[in-house]
Colleague: 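The structure that follows is given in the form of structure tokens.
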Amino acid sequence: MSETSGVGVDSSGGSARPVDLLLQAFRQGKPGAFDAIVRAHQGRVYAFCARMLSDREEALDIAQEVFLSAYRNLGGFREEASLSTWLLRIAANRCLNRIRQRTSLAAREVVFPEPAERDDPPFQPRAPEEGRPDRIAENREMANVLEKALGRIDPDSRWLLLLSDVEGFTYEEVAAMAGIPVGTVKSRLHRARMALRKILAPVV
Amino acid sequence: MDCERVRNLLSEFLDGSLPESGRSDVRAHLRECLPCRAVKEGLEETLRLLRGLPPVEAPPELLEGVRRRIAQEGSPATPLWKKLFLPAHIKIPLEAAAAVLLFLLVYGAQKEELQKPLPPPTAARTAAAPETEKAKEAGKPSEKKAREAPAPPRARAAKEAGPGDRPATREDAGTGTAARSGQPSLPVVPAQRVSTAGERIEPPPRQVLFGRDVTIEVDASSRPGLEDRIAAAALRLGGNVRVEPAKPGIAPEGTADIVHVRLPADSENPFLAELSKLGTLPEEGMSGRAGLAAPPPAEAVAYRVRIRVR
């Protein structure tokens, strides 16, 4: 799978602002341009949705909706933010809507099924002495543990955590995407990190 | 700087967004406070794990699904529906506001219509009226003018409305039925109406059916059995009687009971004569008429006889 960023630099106006070449190609009506956009961003969008929803099937559905919405609305996209930021903002809104649609009970069941109901073994954090955290953090099992722990964070804070600490957006960018003040982002993010730290404490 | 303050600043400290003065304070505290240093290290590790989450490969169905959905939609790059219809969050309040406005307009128009003064009389009537007055002044009213002038308003309105416009009234229906069946018609209480010419139609003089209110005064010694004596007198005259015990606190003071009597219309005077034999009929106790809840038919007369003990 080729995941080209498709980002160049706008040299015509002397500006350093990157120009999304794939977006340009799509606007010029070049065949396959939208496929290329999807390929370039699908991993990031899908990962975000999967971590927000803690459900791969739902994540696939929402990610498709995100690209469908982008296809409909790319004509009106004004490039005030990068295409990836725009797509993640759509994804965040869609995920939050989907989470709100679930009843709180159903949401908990999806994220944390009762031990008797679920197929996989219950979450048992490994004791610190079983291995150094820096050794296990890189492996898939640790990623799964972390993603499950993320699922226990309040969705309204979870997406800030994902945007800031996983996707690497600054406080200001997250505040712009969420439409809330930077101070609120900082405080909510700090609380979410501390909550996550508490959940992971037995492991890390 | 205390521990709580330091812990609240740890995120910003680790992100590097804390101002230099704050950074040095936090650093100094962490050098001395072991528990806060442990919290900082734990938070640091959590952030390291989050930032090190491995990339996720999207399943191939994602792109296929997007292609399929786009194909199902056709070419919605310039969606027509979006141009034709506003989004629901705008459309619904707009529609609600339009509905309220429409209601207010209709309501206001109807209210204005009701409050509008009645139109002046028709040209024919306005022309006729001065002529009538002139004729009256002259003391020689012509027969035709005389017929027009004193006509009761209802008849006048009926005349103006014309035979085609005149709605069939309950009274008409009642008299028609009565004429056909030969039975007495029910009493009619006509509602206030307005003719098609916009003129108010006054109700005709009402044939009011009342009874009489009579008070009979007796000594305490004559009181026992008085109802029976009144009833006997009424029955002798072909009437019927119902005795109603006086309601404490409602009936006038001294009134004991009320006797309701119905008599044939021609027995009115004999009954009063009988009553005057049984007791005194004070002048103030003889009302001309009394409205009754159930007025008698035309051929009967009703009395409400109040018994008062002196």
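All chains are named by letter (A, B, ...) in the order of the sequence lines, taking the proteins before the strands, and each is independently numbered beginning at 1.
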Colleague: Is there a donor-acceptor contact under 3.5 Å from the side chain of Q42(A) to the main chain of P60(B)?
Modeller: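 Flag not set: sc Q42(A) to bb P60(B) has no pair under 3.5 Å.
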Colleague: For L74(A), is it the side chain, the backbone, both, or neither that has a heavy atom closer than 4.5 Å to a heavy atom of chain B?
Modeller: neither
Colleague: Going by the salt bridge (Lys or Arg N to Asp or Glu O under 4.0 Å) test, which pairs reach into residues 82-97 of chain A, not counting sequence neighbours?
Modeller: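 Listed once each, the pairs are E65(A)-R94(A).
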Colleague: Mind checking the CG-OG spacing from L47(B) to S164(A)? Nearest 0.5 Å is all I need.
Modeller: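 Rounded to the nearest 0.5 Å, the CG-OG separation comes to 8.0 Å.
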Colleague: Side chains of M194(A) and V39(B): does their closest heavy-atom pair fall under 4.5 Å?
Modeller: yes
Colleague: For Q28(A), does the CD atom have more than 12 heavy-atom neighbours from other residues, nucleotides or ligands under 6.0 Å away?
Modeller: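 Check passes, neighbour count above 12.
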Colleague: Counting heavy-atom pairs closer than 4.5 Å to chain B, which one of R51(A), R193(A), R56(A), K186(A) comes out on top?
Modeller: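 Most heavy-atom pairs within the cutoff with chain B belong to R193(A).
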Colleague: Where on F34(A) is there a heavy atom nearer than 4.5 Å to chain B: the side chain, the backbone, both, or neither?
Modeller: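 Interface part for F34(A): side chain.
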Colleague: Measuring from atom NZ of K198(A) to atom OG1 of T46(B), what distance do you get when rounded to the nearest 0.5 angstrom?
Modeller: 13.0 Å
Colleague: What is the distance from atom CD1 of I70(B) to atom CG of L68(A), rounded to the nearest 0.5 Å?
Modeller: 6.0 Å
Colleague: How about residues 166-177 of chain A versus chain B: which residues have heavy atoms under 4.5 Å apart?
Modeller: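 Within residues 166-177 of chain A, near chain B: V166(A), Y171(A).
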Colleague: Got a second to check how far E12(B)'s CD is from L189(A)'s CG, nearest 0.5 Å?
Modeller: 10.0 Å
Colleague: Per the salt bridge (Lys or Arg N to Asp or Glu O under 4.0 Å) rule, what does the pair list look like for residues 93-110 of chain B, sequence neighbours excluded?
Modeller: none
Colleague: Report the C-alpha separation of L161(A) and L50(B) in whole Å, then their side-chain angles, then the decisive distance to 0.1 Å, and conclude whether the side-chain contact (heavy atoms from CB on, under 4.5 Å) test is met.
Modeller: CA-CA 9 Å; L161(A) 207 57; L50(B) 277 171; 4.1 Å; yes
Colleague: Got a second to check how far Y46(A)'s OH is from E61(B)'s CD, nearest 0.5 Å?
Modeller: 8.0 Å
Colleague: Mind checking the NZ-CZ spacing from K40(B) to R197(A)? Nearest 0.5 Å is all I need.
Modeller: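 Here the interatomic distance stands at 12.5 Å.
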Colleague: Checking L162(A) against chain B: side chain, backbone, both or neither under 4.5 Å from a heavy atom?
Modeller: neither
Colleague: Mind listing the closest non-hydrogen atom pair of L200(A) and L49(B) along with its distance?
Modeller: CD1-CD1, 4.4 Å
Colleague: Is there a side-chain contact (heavy atoms from CB on, under 4.5 Å) between F48(A) and V56(B)? Walk through the geometry before answering.
Modeller: CA-CA 9 Å; F48(A) 179 84; V56(B) 176; over 6 Å; no
Colleague: If you compare all heavy atoms of G65(B) against all heavy atoms of Q64(A), which two are closest, and at what distance to 0.1 Å?
Modeller: CA-NE2, 3.3 Å
Colleague: Taking the side chain as C-beta and beyond, is there a heavy-atom pair between V66(B) and Y71(A) under 4.5 Å?
Modeller: no
Colleague: Output the option from V38(A), D35(A), L60(A), L196(A) having the highest count of non-hydrogen pairs under 4.5 Å with chain B.
Modeller: D35(A)
Colleague: With a sphere of 6.0 Å drawn around CZ of R51(B), does it hold more than 12 non-hydrogen atoms of other residues, nucleotides or ligands?
Modeller: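 Atom CZ in R51(B) is crowded, with more than 12 foreign heavy atoms closer than 6.0 Å.
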Colleague: Considering heavy atoms only, which positions within residues 13-36 of chain B lie below 4.5 Å of chain A?
Modeller: D15(B), S17(B)
